[in-house]
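Worksheet: one structure, shown below.
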Amino acid sequence: MSERIPLHNLSFKERVDRDLNDPALRHNFREAMDFLMDKRKGRFTDDHQLQLLRDRGSSIRKRALSKLPDLLEQLESKLRENGIRVHWAETPEEANSIVLDIARHHGAKTMIKGKSMVSEETELNEFLEHNGVEAIEADMGEFILQLAEDKPSHIVMPAIHKTKEDIARLFEQNLDDCEYTEDVDTLIQSARKELRRRFHAADIGLTGVNFMVAETGSLVLVENEGNGRMATTVPKVHIAMTGIEKVIERLDDLPPLLTLLTNSATGQPVTTYVNMISSPRKQDEDGPEEVHLVLLDNGRTIPYADEEMRQTLQCIRCAACMNHCPVYTRLGGHAYGTTYPGPIGSILSPHLLGLEETKDLPSASSLCGACGEVCPVRIPIPDLLRRLRHEGVRKLKKDEAPVIRGHGAKYTHTEKAAWLSWSKLYSSPAMYRTFALSATLLRGLTPSKMKGWTDYRTSPKPAKKSLHSLVKQYRKQQDQYSEKQAGDKG
Ligand code: SF4
C-alpha cells in the first residue's frame with residue numbers, strides 16, 4: 001500500500017483522489033465489505049421478522065430520545081446510588097481534562113483502553129501523551145493502528161484497511177520476539193502476549209459504552225476480544241466514556257437492540273462478551289475500586305432540538321450503512337477525514353464539527369438509499385443528507401434559531417443566481433423553448449472538458465433535436481398518416 005499522507009494536510013477532494021487511485025486499498029475494502037454484507041444477509045433471512053425487529057429498535061431509540069433529559073437524570077442518580085461517579089462534558093477538551101484529572105488524582109502513568117470511538121472523537125490519546133500519561137490501545141484493530149500511527153477507517157473494524165502483510169511487518173518492527181509471519185493466529189498471539197503484560201501494568205482502564213440503562217444504572221459494553229472485560233476489571237480504576245445519546249430507558253429494551261447491533265455489524269447472533277457494569281467492586285476480590293462515567297455532548301444537543309435531525313442520535317453504531325454504501329465501499333474511511341466515516345459520519349459529523357469543516361460530506365453520497373434500507377433503527381439517512389445539503393446552502397432568516405453550526409457554509413452567490421435562473425427558465429414555457437432551441441442549435445460549442453465533471457464522465461452535449469421537437473415531428477407524421485388513410489378510404 002502506498003505511503004499515507006496525514007489526513008489534515010489534504011482537502012476532501014484530494015483525499016478522495018488519493019484513495020480512488022489506490023488499487024490495493026480499493027481491493028481490500030471491496031473484499032471486506034462484501035464479506036460483512038454477506039454475513040449480515042446470512043443472519044436476516046426472514047424479511048418480515050427483520051422489519052418487525054427494525055420497528056422495535058426504532059421505537060425504543062425514539063422513545064429514549066423523546067425523554068432524553070429525564071432519562072439522563074435518572075441514569076445519573078441510579079449510577080451514583082450504585083457507586084459510579086458521573087461527569088458531564090460539553091466539549092472534547094472538557095472530557096479530556098476530566099480523564100486527565102482522574103489519572104492525576106491516582107498518580108497514573110499508563111492507561112489501557114478498550115475500543116472507544118468517543119475517545120477518538122476527543123483525540124484523547126494525543127492529549128494524554130502530551131500530559132505525561134501513556135494510553136495503550138488494547139482492541140486489536142486499534143492496537144495495530146497505534147503502532148502504525150494511523151487512524152481508524154471503520155467504526156467497528158478500525159484497521160480494516162490494513163493487510164496481513166502490513167500487520168506482519170508492523171509487529172516484526174515493533175513487538176519483542178516477533179518474527180515476520182503471515183499466519184493470522186500467530187500474529188494475534190504475539191499481540192495478545194504484549195497486551196497481557198500491558199494490562200497488568202496499567203493504572204487505569206478506559207472503555208467506550210454501547211448502551212446505558214437508566215432504569216438500573218448499568219453500562220453495557222459488547223465486544224469479541226475480551227479487551228473490554230480486561231480494561232474494566234484488571235486496573236484499579238475504570239473510566240467509561242460515551243455520548244449522551246446512548247441512554248435507553250429499560251433493561252428489557254436491551255435485548256432487541258443487542259440483536260440488531262451484533263447481527264447488523266458482524267453477522268453474529270451475539271458477541272463473545274456482553275459486559276454489564278453496574279458498580280465498582282463490592283466484597284469481590286476482582287474489579288475496579290472506582291468506576292467513572294464521562295458523558296460527552298460535543299454538539300449532540302444541537303440536532304436534538306430539531307425533530308428531523310434528532311433521528312441522527314438514534315444510531316447504535318453498527319456500521320451497516322457504511323458496509324452497504326457504494327461510496328464508502330469504494331473509498332474507505334480515511335477520505336472522509338472525520339472520526340465517523342460513511343453515511344453515519346456524513347449525517348453526524350456536521351453536528352459535531354460544524355458545517356464549515358464538513359460541508360462536502362452530505363454531498364459524498366449518491367442518495368441510492370442503501371444506507372436507509374439497512375439501518376437497524378430506521379434512521380432516514382438519505383432524507384437527513386438532503387436536509388444537510390439544504391442547510392449548507394441556506395442563509396438563516398433574521399432571528400431564526402440555527403439548527404446546525406456553520407449554516408450556509410456552501411452558500412455562494414453564483415450558485416444561488418444559477419438556481420434562480422433555472423427556476424425562472426423552467427417555469428416559463430416560452431423561455432424554456434427558446435433555451436432548448438438555443439442549446440440544440442449551439443450544441444457544437446459545448447466544451448469537451450468541464451472542470452471536475454469530465455474527470456470521470458463524458459461532456460453532457462445537448463441532443464441534435466429537443467424532445468419537444470421530436471414529439472412535434474412525430475405528431476405531424478401521425479396526422480399526415482391519418483389524413484392519408486382517410487383519403488385512401490374515401
Ligand atoms: S446510522 Fe444506522 S446503519 Fe449506520 S451505524 Fe448508525 S445504526 Fe448502524
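Each ligand, and each atom within it, is numbered from 1 in the order the structure gives. Position 1 is the first residue of the sequence, and the numbers go up from there. Every heavy atom of this structure was used, including side-chain atoms; hydrogens, water molecules and symmetry mates were not. Everything numeric in this text was worked out from a predicted model, so none of it was measured.
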Please tabulate, for the side chains in residues 378-389, all donor-acceptor contacts under 3.5 angstrom to protein atoms that are two or more places apart in sequence or on a different chain.
| residue | atom | partner | partner atom | Å |
| --- | --- | --- | --- | --- |
| R378 | NE | D55 | OD1 | 2.7 |
| R378 | NH2 | Q51 | O | 3.2 |
| R378 | NH2 | Q51 | OE1 | 2.9 |
| R378 | NH2 | D55 | OD1 | 3.1 |
| D383 | OD1 | R386 | NH2 | 2.7 |
| R387 | NE | E391 | OE2 | 2.8 |
| R387 | NH1 | D306 | OD1 | 3.2 |
| R387 | NH1 | E308 | OE1 | 2.8 |
| R387 | NH2 | D306 | OD2 | 3.0 |
| R387 | NH2 | E391 | OE2 | 3.2 |
| R389 | NE | P362 | O | 2.9 |
| R389 | NH2 | P362 | O | 3.1 |
| R389 | NH2 | S365 | O | 3.1 |

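Shown here are the side-chain contact (heavy atoms from CB on, under 4.5 Å) partners of I188, two or more places apart in sequence or in another chain: M140, V184.
Atoms of ligand 1 lying under 4.0 Å from any heavy atom of I381, numbered from 1 in the order shown and given with element: 1 (S).
For H292 and H238, the distance between ring centers is not under 6.0 angstrom.
A ring-ring contact (aromatic ring centres under 6.0 Å, His included) check over residues 26-49, counting only residues at least two apart or in different chains, returns the pairs F29-Y328.
How far CZ of F199 is from CD1 of I136: 9.5 Å, rounded to the nearest 0.5 Å.
Distances from atom 8 (Fe) of ligand 1 under 2.8 Å pick out these protein N/O/S atoms: C318 SG.
Residue contacts with ligand 1, taken as heavy atom pairs separated by less than 4.0 Å, do not involve I347 at all.
The closest side-chain donor-acceptor pair between E142 and N227, if any, does not fall under 3.5 angstrom. Judged by distance alone, the side chains of K113 and S119 do bring a donor and an acceptor atom under 3.5 Å apart.
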